[in-house]
Amino acid sequence: MGPRDGLRQHVAGRRQVAASPQRERPRLRDVAPVLFVIDHDQASLEVLVSGLSRRFGNDFSVRGESSQEIAVTALQELAAAGRPIALLLVDDAAMGTLACAQKLHPSAKRVLLVDRDYTSTSPAVQAIALGRADYHLVRPWADEESMYGVMTEYLSSWTREHEPRFEEFRIVASEGDSRVLRLRDVMTRFSLSFGVYGAETEVGRRFLRQADLDPTELPAVIRYDGRVSIDPSLPDLARAIGVKITNDLDTCDVAIVGAGPAGLTAALYAASEGLDTVMLERDVSGGQAGTSPLIRNYPGFPHGINGAVLMERTCEQAWLMGAHIVFTQQAVALERHGDARVVRMSDGTSVSASAVVIATGIDWRRLGVPPLEKLVGSGVFYGASVGESRAMQDQDVFIVGAGNSAGQAALYVAKYARTVTLVIRGDDLANSMSNYLIRAIESTPNVFVRHHTEVIDGRGDGRLESITLADRSSGTVEEVPATALFIMIGGEPRTQWLPADIARDPEGYLITGRDLRERPEINWGRDREPLPLETSIPGVFAAGDVRHTSIKRVASAVGEGATVIRLVHEHLR
Ligand SMILES: Cc1cc2nc3c(=O)[nH]c(=O)nc-3n(C[C@H](O)[C@H](O)[C@H](O)COP(=O)(O)OP(=O)(O)OC[C@H]3O[C@@H](n4cnc5c(N)ncnc54)[C@H](O)[C@@H]3O)c2cc1C
């Protein structure tokens, strides 16, 4: 029995109870947001429309079409009438409508309905990786709950984005004020509800008047209780949000520096295992992971998860376990006082710990093109995400970077993609890439190199569609279609604040564990072996991106954050 047969049985069992699409309540169907189903299989369509009507009919109008042409016309009419589509459920045979639907109804959640086929050629693989669909559903489904339960989740995500929200903060600023980006970033990382209003607009002027503010005092941050900060510094803002920015513990079992995935996980495990834990973060919670709109490779989230949400939940969990979390407090020095390790902070205070975990990550170089930053995770990727390569089948892919990792990624992705273009600023790869890679690139017919070129802009509605390239030698600018852009322009580990004698590799990453013993120039000076993840200073550990040979992935940082606490226990014993 094939998957369709299974579905037909399911359909047959339900047909007599299914409401027909025509039986929707007349008032609702004219005003409510629409759930639109396109399914070539008439029987399956009926089941879906009746099931959705039963479940969601009080809040949404449900409509179904089996013909792609009729569906597209209906979607055009709905767009012209200004009716929002909340969810578009499309079977794989009608996948072509997704691109057009995206243009007509950019805020609709797009769900692809596919037959069960766990091979890399399933249409769901490419559609999700390239941001053509937000979610997928597999048929046949075992029971109603497994089908409509996840649908509830997708719809609540649409509702959250569209319903009016109580705003904890209102930011009033002049148009184009770049300080707003910073304010937005901090509020997003704490999952705060906020609105941004132009100081020149009527509503912006009204908020300034209500708060008794001079219209030149900008950007103004107005809290729900009327408290106002003008152009707040990061600590001012953190204070207004209600997080701790000073440390009140002189001593602790473990001090953790850096609140990215590695540090937050270490704090969670340390506190949950009864260690007095202080966590210091120079900025606010989340690290690099917190800046990623969509992390696609974190286990357990097949449709990806917003990095700020994942990190905020981890931070909340560490706090509930009892970790003392201090934001906007940079660690500026590490000292040895006998067995104690002392971390000095930017406000002049210090904390003495029996063990220290350094989880300060890397300063990734960013492309700095705002429209492309918005598409990170939806066609734009930092670093080589080899796992995405299969999804690049027959696509046009661009890689920015001239180092060995960019070269290796180009060759790997070229096995699947139609074309891979390396975009490099210089006029020769030989300055930065190994010769063997250059030769391999030259002999791979679908890999191209664009010299003295920079990516200066990009476009896409929810997924990358094109990038703009500027050729600095000819002065020409060209917009080219692009399905994916991998940015591999390197970064620098944040280890400058550490003592000069802590062992680092030539790039500044911290050397740990067995790697210390393989380097005769490093004087370990203890009669025991260094523990895995222990640096050349006993009792000081490193976890995550900052560590030499680390994997530079969220899940690996989380893994090291959990592992390092087991090693801290061993050290304390
Ligand atoms: C845009 C982008 C998208 C990405 N997408 C993905 C993805 O989809 N999947 C994936 O697996 N990986 C992704 N990565 C990589 C991933 O984010 C990192 O591998 C991961 O965040 C590393 O975690 P970490 O805790 O080691 O360091 P970080 O996340 O860098 O956190 C380090 C923290 O330490 C703080 N800090 C630094 N110095 C100090 C100091 N002196 N005192 C106090 N605090 C300090 C920093 O402010 C920061 O908060 C992405 C990276 C970027 C830049």
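We're numbering straight along the sequence, starting at 1. Order of listing sets the numbers, starting from 1, for every ligand and every atom in it.
- Close approach of ligand 1 to G544 is summarised as follows: ligand atoms under 4.0 Å from at least one heavy atom of the residue are 26 (O).
- Between D545 and ligand 1, an N or O atom pair is found at a separation short of 3.5 Å.
- Within 6.0 Å of CG on D339 lie no more than 12 heavy atoms contributed by other residues, nucleotides or ligands.
- Ring-plane geometry between F190 and F327 is classed as perpendicular, the angle between the planes exceeding 60 degrees on a 0 to 90 degree scale with a lower cut at 30.
- Residue-ligand proximity: E373 is placed with every non-hydrogen atom at 4.0 Å or more from ligand 1.
- The shortest separation from a heavy atom of V546 to ligand 1 is not under 4.0 Å, leaving the residue out of contact.
- Heavy atoms from other residues, nucleotides or ligands lying under 6.0 Å from CG of N523 number 12 at most.
- Contact annotation: for L280 versus ligand 1, heavy atoms closer than 4.0 Å belong to the backbone alone.
- Taking the six-membered ring for Trp and thresholds of 30 and 60 degrees, Y135 and Y154 have nearly parallel ring planes, at less than 30 degrees apart.
- With a heavy-atom cut-off of 4.0 Å, Q288 touches ligand 1 through backbone and side chain alike.
- Residue contacts with ligand 1: E281 is placed with a nitrogen or oxygen under 3.5 Å of a nitrogen or oxygen of the ligand (distance criterion only).
- Put simply, the residue from E373, K552, Q288, R365 that forms a side-chain hydrogen bond (donor to acceptor under 3.5 Å, both in side chains) with Y382 is E373.
- At a 4.0 Å heavy-atom cut-off, ligand 1 touches A359 through the backbone alone.
- Heavy atoms of V554 found under 4.0 angstrom from ligand 1 belong to the backbone as well as the side chain.
- Residue R547 is tested with E534, E507, E560 for a salt bridge (Lys or Arg N to Asp or Glu O under 4.0 Å); the sole match is E560.
- Summarising the local packing, CH2 of W158 is surrounded by more than 12 heavy atoms from other residues, nucleotides or ligands at distances under 6.0 Å.
- Of the inter-residue distances, the one linking T453 atom OG1 with L422 atom CG reads 11.0 Å to the nearest 0.5 angstrom.
- Listed by number with element, the atoms of ligand 1 under 4.0 angstrom from any heavy atom of G260 are 25 (O), 29 (O), 31 (O), 33 (C).
- Considering backbone and side-chain atoms alike, A262 places an N or O below 3.5 Å from some N or O of ligand 1.
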